[in-house]
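The next block holds one structure in the form of structure tokens; read it before the comments.
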Amino acid sequence: MLVYPSSIDLSSRTLRYLAGHLLSWRREIGTRWRRLAPGRHALLTLAHLRCGDTYAQLAAGFGIGIATAYRYIREAIDVLAALAPSLAEAMKTIRTKAFVILDGTLLPIDRIAADTPYFSGKHKRHGMNVQVLTDPFGRLLWASSALPGSTHDLTAARQHGITEALAEPELKCWADKAYQGAGGPVRVPFRGRHLKRWKRRHNTTHARIRCLGERAMATLKGWRLLRKLRCSTNRITDVVKAVVVPHHAST
């Protein structure tokens, strides 16, 4: 197999952040020796998350076995996922914002037609539903755990307790038509084909505000592993959390 040097579009600050937590984890569990130092371990994990490289590719590049690459990456993802903020913790930051934007996205997975719980009728493909909260500038604040792709956005928001959490401090929240009926602070556009002029103007203004939330989706999809997940669906929540943590650390 040919091996060549490459680059990752992340800062050294992100690498040092993950390496520091991996070093602390190794000391906590009493690890005496590893094939890769914490810095190389962090680089291996970031290459997998950011570039979507397979275990075989990474194992060849780092001079380790495929099983070792799998264990190292899984361990680092678990360490990062444990650092991800919960919704209650994220609310401390959200309360300081003028308003937030709520949106959902589908993370594609490799499933067959028989796996109907994961098939999204809206997107016509298999995937996992993830809810995202962003600030008024479209910066990612929080990402939910992953639910089967057939879950409706409004149902997912209710299951995660997002609508209840936003209602307590009476925050303003902008969302799309999928959240019709959420009530409380969630503001959605008017539905229908033949709307009055003032309703059309309202929908235009609403769309200008809400579209900023697409930046958060672009931030998530910038981590190429999330563009086509091939791992177990039970691991996708940890992968999403593992992506959010270094993103916050680098901003």
Side-chain angles (χ1 to χ4, degrees), residues 45 47-58 66-67 69-71 73-82 84-87 90 101-134 140-165 175-182 186 188 191 210 213-247:
T45 305
H48 178 66
L49 294 175
R50 188 68 177 181
C51 304
D53 294 336
T54 64
Y55 298 125
Q57 292 171 324
L58 294 170
I66 296 177
Y70 170 80
R71 290 196 305 270
I73 292 172
R74 185 185 179 97
E75 180 184 42
I77 287 176
D78 290 341
V79 170
L80 286 172
S86 63
L87 179 58
I101 302 170
L102 171 62
D103 203 357
T105 186
L106 187 81
L107 301 180
I109 60 175
D110 57 342
R111 286 296 181 272
I112 60 177
D115 297 321
T116 50
Y118 301 100
F119 184 79
S120 170
K122 175 182 177 181
H123 298 89
K124 307 301 180 184
R125 65 188 309 177
H126 292 80
M128 299 294 284
N129 182 300
V130 173
Q131 300 295 301
V132 171
L133 287 172
T134 68
L140 179 63
L141 297 176
W142 178 80
S144 72
S145 55
L147 294 174
S150 60
T151 308
H152 193 273
D153 282 337
L154 178 57
T155 302
R158 286 172 173 167
Q159 287 189 19
H160 296 309
I162 298 174
T163 53
E164 295 180 2
D176 60 24
K177 296 178 182 179
Y179 299 90
Q180 196 86 26
V186 181
V188 297
R191 300 184 66 174
R210 188 185 56 79
E214 296 299 328
R215 295 180 182 178
M217 301 307 176
T219 297
L220 281 179
K221 299 300 176 64
W223 297 78
R224 296 176 185 86
L225 183 65
L226 298 181
R227 297 179 184 177
K228 184 65 173 181
L229 289 157
R230 296 177 175 84
C231 61
S232 168
T233 54
N234 296 327
R235 294 287 301 166
I236 293 178
T237 292
D238 287 340
V239 172
V240 172
K241 291 181 178 180
V243 165
V244 172
V245 172
H247 167 71

*asked:* Against Val243, only a single residue in Asp238, Leu225, Leu220 fulfils side chain to side chain contact (heavy atoms under 4.5 Å, CB included); can you say which?
replied: Leu220
*Which heavy-atom pair separates Val132 from Ala216 by the least distance, and what is that distance?*
CG1-CB, 3.9 Å
*How long is the span from the OG atom in Ser150 to the NZ atom in Lys122, to the nearest 0.5 Å?*
14.0 Å
_CH2-NZ distance between Trp142 and Lys241, expressed to the nearest 0.5 angstrom_ = 9.0 Å
*Lys221 and Leu107: side chain to side chain contact (heavy atoms under 4.5 Å, CB included), yes or no, with the steps?*
CA-CA 9 Å; Lys221 299 300 176 64; Leu107 301 180; 3.6 Å; yes
*What is the distance from atom CE of Met217 to atom OG1 of Thr134, rounded to the nearest 0.5 Å?*
8.0 Å
*Nearest heavy-atom pair of Leu102 and Tyr179: which atoms, and what distance?*
CD2-CE2, 3.6 Å
_Smallest separation among heavy atoms of Ala76 and Thr45, with atom names_ = CB-OG1, 3.1 Å
Could you pull out every donor-acceptor pair under 3.5 Å between side chains of residues 154-162 and any protein atom, sequence neighbours left out?
{"residue": "Arg158", "atom": "NH2", "partner": "Gly181", "partner atom": "O", "Å": "3.0"}
{"residue": "His160", "atom": "NE2", "partner": "Ser144", "partner atom": "OG", "Å": "3.3"}
{"residue": "His160", "atom": "NE2", "partner": "Ser145", "partner atom": "O", "Å": "3.4"}

*Rounded to the nearest 0.5 Å, how far does CG of Asp176 lie from CZ of Arg210?*
5.0 Å
*Taking Leu133 as the fixed residue, which of Leu87, Ile101, Leu140 is the one that meets the side chain to side chain contact (heavy atoms under 4.5 Å, CB included) rule?*
Leu87
*Rounded to the nearest 0.5 Å, how far does CZ of Arg230 lie from CD1 of Ile236?*
12.0 Å
_For the backbone of Thr151 and the side chain of Asn129, can you confirm whether one donor and one acceptor N or O come within less than 3.5 Å of each other?_
yes
*asked:* Could you check whether Asp78 pairs with Arg235 (Lys NZ or Arg NE/NH1/NH2 to Asp/Glu carboxylate O, under 4.0 Å)?
replied: yes
*Is the shortest heavy-atom distance from the side chain of Glu214 to the side chain of Asp103 under 4.5 Å?*
yes
_Considering all heavy atoms, the nearest Val240-Ala143 contact_ = CG1-CB, 3.9 Å
*Verify, without hydrogens or angle tests, whether Ser120 (side chain) and Arg125 (backbone) share a donor-acceptor contact under 3.5 angstrom.*
no
_Test item: Tyr118 and Pro148 side chains (from C-beta on) under 4.5 Å apart, heavy atoms_ = yes
*Mind checking the CG-CG spacing from Asp110 to Leu229? Nearest 0.5 Å is all I need.*
8.5 Å
_Is the ring pair His48/Tyr55 parallel, tilted or perpendicular, if the boundaries are 30 and 60 degrees?_
parallel
